[in-house]
Every structure is written in C-alpha cells, then in structure tokens.
Amino acid sequence: MSRTIESVAVIGCGTMGSGIAAASAAARCRVLMLDVDAEAVERGLGAVDEEHRHLVETGTIADDLDKIAAYDWICEAIVEDLEVKRDLFERLEPLRKEGSVISSNTSGIPLRDISAGMSPRFRADVAITHFFNPVSVMKLFELVPGEDTDADVVAAFSDFGADKLDKGVVHAKDTVNFIGNRIGCFLMLSGLHKAKSYLAEGMTQETVDAVLGKPIGLPPTGLYGLIDLIGLDVMYLVGKNLDVNLPDDDAGRAFTDFPQVEQAMYDRGQLGRKTGGGFSKMTKLDDGVRHKETFELISGVWRDTVDPDLEGVPTDLGEVMFTDSAQGRLAWDIFGGTLRYAADLVPEIADDIVNIDNAIRWGFNWVKGPFEMLDAIGNDRVITKIESEGSELPRMLRVLREARATSFYKGEGAAAEYLGVDGVFRPMPAADETSR
Ligand SMILES: NC(=O)c1ccc[n+]([C@@H]2O[C@H](COP(=O)([O-])OP(=O)(O)OC[C@H]3O[C@@H](n4cnc5c(N)ncnc54)[C@H](O)[C@@H]3O)[C@@H](O)[C@H]2O)c1
C-alpha cells in the first residue's frame, strides 16, 4: 500500500506537539490538535502562525479522540511515560482510518516497548518520529522504524519530513536515545566527569567551555553552557534512560550518573537557564547592566565570570587535540573520546556513517559530524595517537585501516562516496536526504 500524508493529528500540544502542529500547518496541511484540556490546546495553538490557524481544528482527548479518523498521520507527543503512551495508543488504534500512519515523538523509549503486544496493524503502521527542540529551527528529524514497520510507512514519513517539513531525515535504529542524543549526550555526560581533573589543576570552567567550542567546531556554548540551556533535569533523565538501556559493555555506562557536585545542583533545583541559573547566571545590576556569574564547581561559590584562557590554542579546526597543553589534553580527552565513541557505534545505532554525521550536524550544530571531523584532522594521526596510548581502535577506524583507506569520504558532487561498514565505498545517498 502506498501512503501519503496530507493531514496530521497531533496529540499532546506542549513544546514538541505544538512545534510539529505549527510546522505541519505551515506546510499547508490540515491539522488536529488534541490535549488533556482546552487550556493546554490553547497554549499550543499559540505556536501556530495566524495565517495558518484556519487549517487547525482543536479538541480534547476525552471528547474528540474520534476526530483522528479524518487524518493521515497520528502523531503522539504527550509526556515521556511508557504506560501513559501505551494507554493512549490502545485507545486511539481502533479509531484511526485504514492506511493512516502513527508515530511517537519519544526522546528515548524504545519502540519495541511501545508496540509490545499491540495489534499487527499497529506494529506495521508505527514508527518513532523524533524531532528536535525547537521544531521550527532544528533541521534534524530522526526516523526510527520497528521490526514490523512497513516500508511504505517509513517512506511516507521520510517524504513528509523532507518535502513538506523541510527537515533533514536521518534513519536511525531502535536503540537507546537513537543517534543524536546517544552521541551528543555522551559528550556532555562524559565531559562533566572528565573535566573534573582539569578543574582540579586550575583550569576554569570558562576555559573548558571555550576549548570545547570553536576550536573543535562545536557551538560557543561548549559544555557547561549547553547543559545550562538544556537543563540538568533533562540530562538527569537522559542518564537514567541510558542506565537502563545501554548495552552492558558500552563506554557510556561509566557516565550515566552525575558527578557529586552536579547531583547536588540537581537536588537543590539549580538546573540551568530555566531556573535562573545552573553553571552560570545572568543578573541585572542597579544601573541596568547585565552581569554574568559562574558557579565554581571546585569551591561551590558564585563568582564573576572570567575570560577563558586560550593562550596557545590553535585556530585550525581540531588542531587543539594534538597540542601538548592542558587545553589540548582536555579537548582530546572529551571531544576525541566522543569521536572514538561514535566510531564504535556503526552499525549498532545506524547502518552507515552518513546518518551519524547528519544527525550530529543537524541536531547539535557541530560544524562537522564525527566522521567528517576525523577526515578533517587526519585519520592516520588519530590512529597513531590512540595506539600510542595503548587503547583499542574503535570499529570504523579498524574498518578504514583494513580497507587501506585514509578517509571516510572521498570524491565530490555526483561522484562522492562514503566508506561502508564492510570496508567498501558506496555512492552518497540521494541529495534530498542529505545536505552535506
Ligand atoms: N522537549 C524536548 O526537547 C523534546 C525533544 C524531543 C522529544 N521530546 C519528547 O516529546 C514528548 C513531549 O515532550 P514535550 O517536551 O513537548 O513535553 P511537554 O510537557 O511540553 O508537553 C506534553 C503535553 O502532553 C500533555 N499531557 C500530559 N499528560 C498527558 C496524558 N496523561 N495524556 C495525554 N496528554 C498528556 C500535556 O498537557 C502537555 O501539553 C515526550 O515524549 C518527550 O520526551 C521532547
């Protein structure tokens, strides 16, 4: 059966649901917005541009769930709770029309848990459609099919995401936190732990953030600034989910709990920008001037924010990791460690390196994805450095070496190719699914 999505029923109109509804209405689709009560729907409707509101019908889950029968895509975006989501799916399954497709926007609940014991029709028509916040800004759209999801259903979501919503579609597998958050959150959680020894030697948090920013092609928020933006509460839940679902031998297992000081911050509600301060805070002085303070993790006191120390840090992308300095060791330890982690996750979390690079560029705004970055800094140098430390090479670097290749990508334009997990170069996927 060929499926087309021309209308969308969004259930749960909070941060994500309202964003998906707004993007779908902006793409001139009919949209249904449902939530637990009229106030929640009204709040969500605020995200939809005035000029597209005539395309939106609203209601409550209790009174209007049967309206989903008139929609092609039923998109669940309610609270992150397996039982609550399953209960909703059980209620709406008999109400949706034949040929419709259905999805969850979960950040990390495995699809196999959501669809366990559900009807064959549900299992064939369901996928995870994982958008990033804010939906209007973030290009990444991770599409995760289940074991029984029909190819037509995957194609319908993929086409709708790319053509109607103008997203970058990434094909992920049903593994914990999918691609973007698996790697992006490894950097943050391992970073909190690994930065400790550098802070103890006198490096400031401002320097940690600055080194883990532009010199390696990451956004200027660095480590602590990014977590302030996301919130320690969200990172805490990510860690708990990883703790339950990561494979036993995964390198991320060492970092699923917060270090002691960050745990204490979480316990007292010092979560980040959403609570007025986390690792840093902005205050307004009497004369109206904005003043930034840093919560010093070593002493546990607030102090004025200082300039970072970037003395001797090279400006060439990634070169810092090969510098014999505290900043160089920090960059290699945390960012280099994340590159090594990513290079070990194919084919576990994605079939190929292209989907991983796209997910990280589009979801975390890195200048280059992990494999593009390895190519940029030189795989030979990275292999030499890893082996000189007596560490094992991650899988894709072994594949590269066995294939006697020097880079993961080669060629330009229509002749561009990427290295497969079997050591064979393949043509890059169609341009509508990638925009490298
Ligand atoms: N916020 C993010 O950055 C982000 C990113 C990607 C995915 N997600 C996922 O998207 C989903 C929604 O997250 P959000 O950030 O939009 O949450 P949110 O709290 O902003 O919105 C959730 C909505 O669900 C409704 N709701 C609450 N309990 C309900 C119930 N029992 N039945 C039906 N509806 C109920 C609420 O009224 C609310 O409008 C979650 O699964 C979350 O993990 C969130």
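Order of listing sets the numbers, starting from 1, for every ligand and every atom in it. The structure displayed is predicted, hence computed values, not measured ones. Throughout, residue positions are numbered sequentially from 1 according to the sequence presented.
Close approach of ligand 1 to His130 (heavy-atom distance below 4.0 Å) involves ligand atoms 6 (C), 7 (C). The contact set between ligand 1 and Thr106, taken as ligand atoms under 4.0 Å from a residue heavy atom, comprises 41 (O). Of all atoms in ligand 1, numbered sequentially from 1 with element shown, those under 4.0 Å from a heavy atom of Cys13 are 39 (O). Per-residue contacts place Lys85 under 4.0 angstrom from the following atoms of ligand 1 (heavy atoms of the residue considered): 40 (C), 41 (O). Less than 4.0 angstrom separates some heavy atom of Asn133 from each of these atoms of ligand 1: 2 (C), 3 (O). Per-residue contacts place Gly14 under 4.0 angstrom from the following atoms of ligand 1 (heavy atoms of the residue considered): 16 (O), 20 (O), 21 (O), 23 (C), 39 (O).
For the pair Arg96 and Tyr71, the cation-pi criterion (under 6.0 Å, within 45° of the ring axis) is not fulfilled.
Residue Ser104 does not touch ligand 1, judged by heavy-atom distances below 4.0 Å. For Val36, every heavy-atom contact with ligand 1 shorter than 4.0 Å involves the side chain, none the backbone.
For the pair Glu296 (side chain) and Arg303 (backbone), a donor-acceptor distance under 3.5 Å is absent. Remark: side-chain polar atoms of Tyr198 are paired, donor with acceptor, to backbone N or O of Arg329 under 3.5 angstrom. Formation of a donor-acceptor pair under 3.5 Å by the Asn241 side chain with backbone atoms of Gly108 is found in this model. Judged by distance alone, with hydrogens and angles left aside, the side-chain atoms of Thr149 form a donor-acceptor pair with the main-chain N or O of Val126 at under 3.5 Å.
Under 3.5 Å, the side chains of Thr294 and Ser280 contain no donor-acceptor pair of N or O atoms.
Residue-ligand proximity: Glu76 is placed with every non-hydrogen atom at 4.0 Å or more from ligand 1.
Remark: minimum distance from atom 31 (N) of ligand 1 to any protein heavy atom is reached at Val84 CG1, 3.3 Å. Nearest protein heavy-atom contact of atom 37 (O) of ligand 1 is Asp35 OD1, 2.7 Å. Taking atom 43 (O) of ligand 1 as the reference point, the nearest protein heavy-atom neighbour is Ser107 OG, 2.5 Å. Scanning the protein heavy atoms around atom 15 (O) of ligand 1, the nearest turns out to be Thr15 CB, 3.7 Å. In terms of protein heavy-atom proximity, atom 6 (C) of ligand 1 is nearest to Phe131 O, 3.2 Å. Given atom 40 (C) of ligand 1, the protein heavy atom at minimum distance is Ile78 O, 3.3 Å. Atom 2 (C) of ligand 1 has its closest protein heavy atom at Met16 SD, 3.6 Å. Looking only at heavy atoms of the protein, atom 27 (C) of ligand 1 is closest to Val79 CG1, 3.5 Å.
Looking at Thr15, Ile20, Leu165 one by one, the single match for side chain to side chain contact (heavy atoms under 4.5 Å, CB included) with Val135 turns out to be Ile20.
The shortest N or O to N or O distance between Ile61 and ligand 1 is not below 3.5 Å. Remark: ligand 1 and Glu80 share an N or O pair separated by less than 3.5 Å (distance only, no angle test).
Between Phe141 and Phe131, the angle of the ring planes stays under 30°, which puts this pair in the parallel group of the 30/60° scheme.
Note: Phe157 and Trp73 meet the aromatic proximity criterion, with ring centroids under 6.0 Å apart.
A salt bridge does not link Lys164 to Asp159: none of the charged nitrogens lies less than 4.0 Å from a carboxylate oxygen. Salt bridge status for Lys240 with Asp257: present, with a side-chain N to carboxylate O gap under 4.0 Å. Ionic pairing of Arg361 and Glu372 is present here: one or more N-O contacts between side-chain nitrogen and carboxylate oxygen are shorter than 4.0 angstrom. Taking the charged nitrogens against the carboxylate oxygens, Asp125 and Arg3 do have a contact shorter than 4.0 Å, which makes a salt bridge.
For atom 20 (O) of ligand 1, the nearest protein heavy atom lies closer than 4.0 Å.
For atom 22 (C) of ligand 1, the candidate residues are Gly12, Gly17, Ala77, Ala40; the nearest heavy-atom contact is made by Ala77.
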